[in-house]
Amino acid sequence: MSDDFKRVESHDCPMSTCAAPAGSPCRTVVHEHKRLGRGIELAMLAEELKASDVGLEFLTGELKGSHDPSGIVFTVLAAMSGMERECIRDRTLEGHESARKRGRTIGGAGVTDESMLSMALHLREQEMSLRDIAKRLVITTGTKKGQHPSPATVMRMLREHDEHTTAMETTG
């Protein structure tokens, strides 16, 4: 650990959970750099640590060891993390697109059926909220059998029904 950080009594440490022994520098210990955050979050954290005179130590990974949170390592790390995030996002989107082209669906198994839709339509006609409709519906198949669908699932089911009905009316 660098001596650039002030030595503090453990009760004087600016980090509320610091257990540094008296006279030792206060530092934050992290398993690996990916656990800290990415991009701007990481830069903001570095500023907070530096303002509080708190050091940073990584236990594993390519940055294993102690670091000054305002140093060049942290700046490069923030930039690399942001680029990694974008790369992961791009690969995920490419994978989804590839799966769609092969006829695969993204997401979990469907939990709605025609009987659930008809019940949801009936309850919507009674001007019930999506939450209330979801509480009254029960999933009848699959691993979630016996559970209630989420309000988001009910909304999606009703929206798809409405879109399908509108499309049928305009073409027929």
Side-chain angles (χ1 to χ4, degrees), residues 1-112 129-132 134-135 137-139 141-157 159-160:
M1 184 73 193
S2 169
D3 287 326
D4 293 342
F5 299 99
K6 66 182 178 185
R7 298 193 178 279
V8 295
E9 298 295 323
S10 61
H11 64 278
D12 292 332
C13 182
M15 300 296 283
S16 61
T17 58
C18 183
S24 67
C26 191
R27 68 177 183 251
T28 298
V29 179
V30 181
H31 184 263
E32 64 179 325
H33 74 275
K34 293 176 185 176
R35 300 286 183 215
L36 282 177
R38 298 185 192 275
I40 194 72
E41 297 167 357
L42 198 54
M44 289 174 25
L45 175 63
E47 287 180 24
E48 283 183 40
L49 292 173
K50 185 64 177 174
S52 300
D53 288 328
V54 175
L56 183 65
E57 182 177 349
F58 297 109
L59 297 178
T60 61
E62 58 273 358
L63 296 175
K64 182 177 180 179
S66 299
H67 299 280
D68 175 359
S70 66
I72 188 73
V73 171
F74 225 75
T75 305
V76 171
L77 177 63
M80 285 178 22
S81 294
M83 290 181 349
E84 180 184 24
R85 179 182 193 172
E86 287 301 313
C87 184
I88 290 169
R89 181 181 176 277
D90 290 345
R91 285 191 308 230
T92 301
L93 293 174
E94 288 170 6
H96 286 183
E97 185 62 30
S98 173
R100 279 189 209 96
K101 286 179 181 175
R102 290 176 292 156
R104 303 282 202 272
T105 57
I106 306 299
V111 296
T112 61
S129 70
L130 288 173
R131 285 185 184 187
D132 291 337
K135 288 177 187 174
L137 300 176
V138 177
I139 299 169
T141 59
T143 57
K144 295 187 176 185
K145 183 177 181 177
Q147 296 179 21
H148 302 287
S150 70
T153 298
V154 174
M155 180 178 69
R156 188 171 35 255
M157 175 179 60
R159 183 183 62 228
E160 288 171 0

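Predicted model only: the values in this text are computed from it and were never measured.
V154 approaches P149 most closely through the heavy-atom pair CG2-CG, 4.0 Å. Taking each heavy atom of K144 and V111 in turn, the nearest pair found is CD-CG1, 4.3 Å. Summarising the geometry of R131 relative to P151, their closest heavy-atom pair is CG-CG, 3.9 Å, with the distance given to 0.1 Å. When every heavy atom of H148 is checked against every heavy atom of K135, the shortest pair comes out as CE1-O, 2.9 Å.
Atom CZ of R159 is surrounded by more than 12 heavy atoms from other residues, nucleotides or ligands within 6.0 Å. In this structure, R102 places its CZ atom where more than 12 heavy-atom neighbours from other residues, nucleotides or ligands lie under 6.0 Å away.
Taking CG from L130 and CE from M157, the interatomic distance works out to 9.5 Å, rounded to the nearest 0.5 Å. One finds the CG atom of L93 at 12.0 Å from the CD1 atom of I88 (value rounded to the nearest 0.5 Å).
Side chains of Q147 and V138 form no contact here, defined as non-hydrogen atoms less than 4.5 Å apart.
For E160, there are no salt bridge (charged side-chain N to carboxylate O under 4.0 Å, His left out) partners at least two apart in sequence or on another chain.
For the pair E94 and R91, the salt-bridge criterion is not met [side-chain N within less than 4.0 Å of a carboxylate O].
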